[in-house]
Amino acid sequence: MKKTFAKIALIGLLSISLFSCSKDSVSEEPKDTVSVNANYSYRTDEDEVLNLINNYREGKGLVKLQKIDYVSVKSEEHTNYMISTNSVNHNNFAERYSSIMSALSAKNVSENIAYKYSTSQSVVNAWLNSEGHRANIEGDFTHFGISIRTNSAGEKYYTNIFVKK
């Protein structure tokens, strides 16, 4: 019984760590500056997630975050990657981190990912119920971006990137 509980606890901890990523897991330094000329058309569900996060932050006395199209473009690239590989992961986070740090002269970058949540409220609730995700949502950030895309099976994939400028 104790071994079963220990296995379940370990799987739970691994799951949490797989779906929230911060600079602590990045060893690369930012690369050369890149262009930040980006336009992003926000979908209704993306705006809903951003508004829910800002409403939560405001309720905690935290600064509201501002959208940056470049960050949402980077989020979209990763969301599309997860769909194309049929996996939920933080692969290539070091590259996103480096690109955003350089392009925006940022001080910090972090991301939350998720999939299979059908509503904006359900994904935000799940993130808030996870220590690592909540830490990103409550973190010392000033800006954010998001991408929500649906695969051919109708499952939603989410990438939400936080930035401190």
Side-chain angles (χ1 to χ4, degrees), residues 18-58 62-124 126-128 132-152 154-165:
L18 287 175
F19 299 109
S20 174
C21 199
S22 67
K23 76 173 184 170
D24 293 337
S25 58
V26 176
S27 60
E28 291 184 18
E29 289 300 314
K31 297 177 184 170
D32 295 331
T33 302
V34 297
S35 172
V36 292
N37 292 334
N39 291 314
Y40 189 84
S41 296
Y42 292 88
R43 296 169 21 159
T44 301
D45 55 353
E46 292 167 334
D47 278 328
E48 287 173 356
V49 169
L50 298 177
N51 288 332
L52 288 166
I53 288 171
N54 267 336
N55 290 342
Y56 175 82
R57 285 178 62 90
E58 189 173 44
L62 301 168
V63 64
K64 283 184 142 186
L65 305 177
Q66 301 297 313
K67 291 189 276 193
I68 296 182
D69 287 354
Y70 180 78
V71 176
S72 292
V73 167
K74 290 305 196 183
S75 297
E76 182 180 42
E77 289 172 2
H78 185 61
T79 301
N80 289 336
Y81 170 82
M82 290 191 298
I83 290 172
S84 73
T85 60
N86 194 34
S87 64
V88 182
N89 60 65
H90 289 286
N91 292 356
N92 308 312
F93 178 70
E95 293 166 14
R96 283 187 300 288
Y97 172 88
S98 181
S99 176
I100 293 168
M101 291 288 285
S102 295
L104 303 176
S105 298
K107 295 179 176 82
N108 194 10
V109 176
S110 194
E111 76 179 11
N112 286 347
I113 60 170
Y115 87 117
K116 287 192 176 184
Y117 291 93
S118 60
T119 67
S120 301
Q121 187 68 62
S122 65
V123 74
V124 171
W127 284 336
L128 291 173
H133 294 97
R134 187 176 57 253
N136 286 339
I137 290 171
E138 295 176 353
D140 183 20
F141 297 105
T142 55
H143 296 80
F144 59 179
I146 191 160
S147 169
I148 303 170
R149 296 292 176 265
T150 306
N151 70 7
S152 60
E155 300 164 325
K156 289 185 177 183
Y157 284 71
Y158 301 77
T159 303
N160 184 200
I161 298 177
F162 301 88
V163 177
K164 178 174 178 138
K165 285 189 63 162

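Everything numeric in this text was worked out from a predicted model, so none of it was measured.
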Walk me through it: do N92 and E77 pass the test side chain to side chain contact (heavy atoms under 4.5 Å, CB included)? CA-CA 11 Å; N92 308 312; E77 289 172 2; over 6 Å; no
What's the verdict on side chain to side chain contact (heavy atoms under 4.5 Å, CB included) for H143 and V71, showing C-alpha distance, side-chain angles and the deciding distance? CA-CA 9 Å; H143 296 80; V71 176; 5.8 Å; no
Could you walk me through whether E138 and Y56 pass the side chain to side chain contact (heavy atoms under 4.5 Å, CB included) check? CA-CA 9 Å; E138 295 176 353; Y56 175 82; 2.3 Å; yes
Run the side chain to side chain contact (heavy atoms under 4.5 Å, CB included) test on M82 and H90 for me, step by step, so that the C-alpha distance in whole Å, both residues' side-chain angles and the decisive distance to 0.1 Å come before the verdict. CA-CA 9 Å; M82 290 191 298; H90 289 286; over 6 Å; no
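Looking at N89 and H78, their side chains come closer than 4.5 Å, going by heavy atoms from C-beta outward. The side-chain heavy atoms of V123 and K156, taken from C-beta on, include no pair separated by under 4.5 Å. Inter-residue side-chain proximity for T142 and Q66 is flagged as unmet; no heavy-atom pair is nearer than 4.5 Å. In this structure the side chain of E48 reaches within 4.5 angstrom of the side chain of D45, judged on heavy atoms. The shortest distance between side-chain heavy atoms of K165 and S105 does not fall below 4.5 Å. Using a 4.5 Å heavy-atom threshold, the side chains of F162 and I137 count as touching. Between Y40 and K67, the closest side-chain pair of non-hydrogen atoms is not below 4.5 Å. Between I100 and Y70, the closest side-chain pair of non-hydrogen atoms falls below 4.5 Å.
Listed here is the closest heavy atom pair of W127 and I113: NE1-O, 3.2 Å. The two residues R43 and E46 come nearest to each other via the heavy atoms N-OE1, 2.8 Å. Listed here is the closest heavy atom pair of I83 and R149: CD1-CB, 3.6 Å. The heavy-atom pair separating G145 from S72 by the smallest distance is CA-OG, 3.2 Å.
The backbone N or O of L65 lies less than 3.5 Å from a partner atom in the side chain of N54, making a donor-acceptor pair. The main-chain N or O of K64 is never found under 3.5 Å from a side-chain atom of R57 such that the two would form a donor-acceptor pair. Checked by atom type and distance alone, the side chain of S98 never pairs as donor or acceptor with a backbone atom of E95 at under 3.5 Å. Judged purely by atom type and a 3.5 angstrom limit, T150 has no side-chain atom pairing as donor or acceptor with the backbone of E155.
Ion pair K107/D140 not flagged as a salt bridge, since none of the NZ, NE, NH1 or NH2 atoms sits closer than 4.0 Å to an Asp/Glu carboxylate oxygen.
For the residue pair T79 and T159, a side-chain donor N or O sits within less than 3.5 Å of a side-chain acceptor on the partner. With 3.5 Å as the limit, one finds a donor-acceptor pair spanning the side chains of Y42 and D69.
Interatomic distance, CD of E76 versus CD1 of I161, reported as 11.0 Å (0.5 Å rounding). Here the CG atom belonging to N80 is positioned 6.0 Å from the OG atom belonging to S147, to the nearest 0.5 angstrom. Expressed to the nearest 0.5 Å, how far OG of S110 lies from CG of N160 amounts to 9.5 Å. Separation of atoms OG (S87) and OH (Y115) is listed at 9.5 Å; rounding is to 0.5 Å. Between the CG atom of N112 and the CD1 atom of I53 there is a distance of 7.0 Å, given to the nearest 0.5 Å.
Ring pair F93/Y97 is tilted by interplanar angle, where 30° to 60° counts as tilted.
With sequence neighbours excluded, the residues that form a salt bridge (charged side-chain N to carboxylate O under 4.0 Å, His left out) with R96 are E111.
The environment of OH in Y117 is sparse: at most 12 heavy-atom neighbours from other residues, nucleotides or ligands sit within 6.0 Å.
For the side-chain contact (heavy atoms from CB on, under 4.5 Å) test with F144, the passing option among I68, L50, N136 is L50; the others fail.
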